[in-house]
*Asks:* 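Starting off with a structure, shown below.
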Amino acid sequence: MVSWIKSMRYKSGNLLNESVEIHKEIFEDIKKSHEEWKAAHCMFEEAVEQDQIDYAIFILEAAERRYQMHLRRAKNYGVVGSTHECVNDTPYNNLAKRVEGSH
């Protein structure tokens, strides 16, 4: 009986560690995709010719969708964190609100 209780504690501890690792991974994905979005936004701002503008729009939209996808994933997993810190320095700080409103 005692060994069963110890094994349950061990399993629940592993599940907790796995959950923490998943949350860290999701948070890192959010930060990375946000950085990619900011870079795509800069590319768009610096585009001059029509081909450059079209390409920059394509990259910007893809980066924005990837960022929104990671925010939805975080919401589904119940990740709580200070993701707002990495969003507040952009001209489009309502991306998180748009994701929540799309359901």
*Asks:* Would you kindly confirm whether M43 and I57 end up in one hydrophobic cluster when ILVMFWY residues are joined by side chain heavy atoms under 4.5 Å apart?
*Replies:* no
*Asks:* Quick one: do E61 and R66 satisfy salt bridge (charged side-chain N to carboxylate O under 4.0 Å, His left out)? Show the steps, please.
*Replies:* CA-CA 9 Å; E61 288 176 346; R66 187 177 305 112; over 6 Å; no
*Asks:* Do the non-hydrogen side-chain atoms of H41 and L60 ever get within less than 4.5 Å of each other?
*Replies:* yes
*Asks:* Mind checking what makes side chain to side chain contact (heavy atoms under 4.5 Å, CB included) contact with K24, not counting sequence neighbours?
*Replies:* V20, E21
*Asks:* Do the side chains of R73 and D29 get nearer than 4.5 Å, heavy atoms only?
*Replies:* yes
*Asks:* Is the closest side-chain heavy-atom distance between D54 and F58 below 4.5 Å?
*Replies:* no
*Asks:* Could you walk me through whether K32 and E35 pass the salt bridge (charged side-chain N to carboxylate O under 4.0 Å, His left out) check?
*Replies:* CA-CA 5 Å; K32 181 181 175 187; E35 290 300 319; over 6 Å; no
*Asks:* With rounding to the nearest 0.5 angstrom, report the CD to OG distance, Q68 to S33.
*Replies:* 10.0 Å
*Asks:* Atom NE2 of H70 and atom CD of E25: how far apart are they, to the nearest 0.5 Å?
*Replies:* 9.5 Å
*Asks:* Rounded to the nearest 0.5 Å, how far apart are CG of N76 and CD1 of I26?
*Replies:* 8.5 Å
*Asks:* Would you say that H34 contacts K38 through its side chain, given a criterion of any heavy-atom pair below 4.5 Å between the two side chains?
*Replies:* yes
*Asks:* Which word best sums up how the rings of Y67 and W37 line up, parallel for under 30°, tilted for 30 to 60°, or perpendicular for over 60°?
*Replies:* parallel
*Asks:* Would you check if Q52 and E49 make a side-chain contact, meaning some heavy-atom pair closer than 4.5 Å?
*Replies:* yes
*Asks:* Please give me the minimum heavy-atom distance between V48 and I53, naming the atom from each residue.
*Replies:* O-CD1, 3.7 Å
